[in-house]
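Inspection log for the structure reproduced underneath, given as structure tokens.
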Amino acid sequence: MKPVSRMIVALDRAGRPGRELGVRLDLLRSTGLRYALQRRREEERLTALASDPRKSAYRVIWQEAADEIGAELSVVSGEFFEIRDDGARARVWRHWVSLDDAVTLKLALDKMAVHEILARAGLPLPEHHEFDASKLEGAREFLARSDGPCVVKPTGGASGSGATTGVRTPEQLLRARLRAARIGRRLLIERQAEGDMYRFLFCDGEFLDAVRRRPPRVTGDGRSTIRELIGAENASRLDPAHPVSMPILRVDLDCLFSLEARGLSLRSVLPAGQTVAVKTVTSQNRISDNETVREPIASELVEEARLAAAQVGVRLAGVDLITRDLGRSLRESGGVIIEVNGTPGLHYHYQVADEVNATRVAVPILRRLLDESRRELQHEGV
């Protein structure tokens, strides 16, 4: 066993504090102390920016939706908003609304439970294997059988938390396992699907929008290393002049493995004008990496995504899928459904390359919330 692997195994046995330390030491070995200090400063600046209510994308989103239907928005506290229209009332917090119950939302977070539900419905899913973080035999066998890269992630969590793509070797599996186990001990290893990632948004079965989400990228200048390009990208995102708070681009295992697959590292210098994806997980991409889908989408594909939301029972659902062809069903194209999200981020549909023509998805959602409030008032005889 390699020294790195021995260290990972030893720290994993030490429990959660050991796993936290192990992930940090693993990244420190790959990125260096200078990056660790830089990232700490970036995290502090991000925290300060995110606490500024003027940077709230959701204040803008809900205010615009209220204006569209002639309602009035008021701030309850922080990012809690109340929207009123002729006696009807809806309260929201960021992208959280009151359409789904707590049990359904909890279920949607359990990736293995969702996989089982969708599999019973006959929907296309990535080949996968569930395992305990302390028992790697099944995961090693799954990796050995796979003819391509795999994804390792916790069965719980959201927004790509703890997920690592591009896992190809037993040592990478060990490292990805340690990172995912910080979230929970039940883990999934999946065969990594080929194609673009899309978010389909549904409200009570109504298809509202689809967004193509590409992985975060940097473009070379012929002088800077990839680490330096990532630093420059984060400096732009953390500029106080930026209209909204954005996540920073973090160097993690997903980043390191994505670069390794391309024969690159953080020390590589890209030729001027060359653009490369520095991660596969899309949760830290730029606004310009997201596109509202305008081309035709096969009705069969929409129905597959709609069925996924219905099977999980989520009224407001973001269905994440990977496909190489929007013009065919997942069964025909070899695509897969990877997640069904409750409380899906609405900002993904606004923060797109063509922001002016983005689909204003909060408008029909707000109408639904206010309509339900009116029905409740009628039922109460108010």
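Note that this is a predicted model, so its numbers are computed, not measured.
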Inset, instruction - Could you tell me whether a side-chain N or O of Ser224 sits under 3.5 Å from a main-chain N or O of Leu229, the two making a donor and an acceptor? - result: no
Inset, instruction - Using only heavy-atom distances, determine whether the side chains of Thr323 and Asp325 contain a donor-acceptor pair under 3.5 Å. - result: no
Legend entry - Heavy-atom closest contact (Ile287 atom, Gln351 atom, distance): CG2-C, 3.5 Å
Inset, instruction - Examine the side chains of Thr292 and Thr359 and answer whether a donor and an acceptor come within less than 3.5 Å of each other. - result: no
Inset, instruction - Give a yes or no on whether the backbone of Val352 and the side-chain of Asn290 come within a donor-acceptor separation of less than 3.5 Å. - result: no
Inset, instruction - Please say which of Arg213, Arg324, Arg214 ends up in a salt bridge (Lys or Arg N to Asp or Glu O under 4.0 Å) with Asp196. - result: Arg214
Legend entry - Check: Arg185 and Ser134 side chains under 4.5 Å, non-hydrogen atoms: yes
Legend entry - Greater than 12 external heavy atoms within 6.0 Å of Glu72's CD: no
Inset, instruction - Decide if atom CZ of Arg40 counts as having more than 12 heavy atoms of other residues, nucleotides or ligands within a radius under 6.0 Å. - result: no
Inset, instruction - Ignoring hydrogens and angles, tell me if any N or O in the side chain of Glu79 forms a donor-acceptor pair with the backbone of Arg59 under 3.5 Å. - result: no
Legend entry - Check: Thr164/Asp254 side-chain N/O donor and acceptor closer than 3.5 Å: no
Inset, instruction - Decide whether Thr104 and Asp101 meet the rule of one side-chain donor and one side-chain acceptor closer than 3.5 Å. - result: yes
Inset, instruction - Report yes if the side chains of Asp320 and Tyr198 come closer than 4.5 Å at any heavy-atom pair, otherwise no. - result: no
Legend entry - Gln38-Glu42 side chain donor-acceptor pair, cut-off 3.5 Å: yes
Inset, instruction - Report yes or no: do Arg89 and Ser373 form a side-chain donor-acceptor pair below 3.5 Å? - result: no
Legend entry - Donor-acceptor under 3.5 Å (Arg315 side chain, Gly313 main chain): no
Legend entry - Leu201 and His349, any side-chain heavy atoms less than 4.5 Å apart: yes
Inset, instruction - Please confirm whether the backbone N or O of Glu171 pairs with a side-chain atom of Arg175, one donor and one acceptor, at under 3.5 Å? - result: no
Legend entry - Parallel, tilted or perpendicular: ring planes of Trp93 versus Trp96, cut at 30 and 60 degrees: tilted
Inset, instruction - Give a yes or no answer on whether the side chain of Asp110 reaches the backbone of Gly156 with a donor-acceptor pair at less than 3.5 Å. - result: no
Inset, instruction - For the residue pair Leu188 and His115, establish whether any side-chain heavy-atom pair is separated by less than 4.5 Å. - result: yes
Legend entry - Thr225 side chain reached by Glu228 side chain, heavy atoms, under 4.5 Å: yes
Legend entry - Ile117 to Leu107 - nearest heavy-atom pair and separation: CD1-CD2, 3.9 Å
Inset, instruction - Taking all non-hydrogen atoms of both residues into account, name the closest pair between Gln284 and Arg250 and its distance. - result: OE1-N, 2.9 Å
Legend entry - Between Tyr58 and Arg94, a side-chain donor and acceptor under 3.5 Å: no
Legend entry - Asn341 side-chain N/O to Pro344 backbone N/O, donor-acceptor pair under 3.5 Å: no
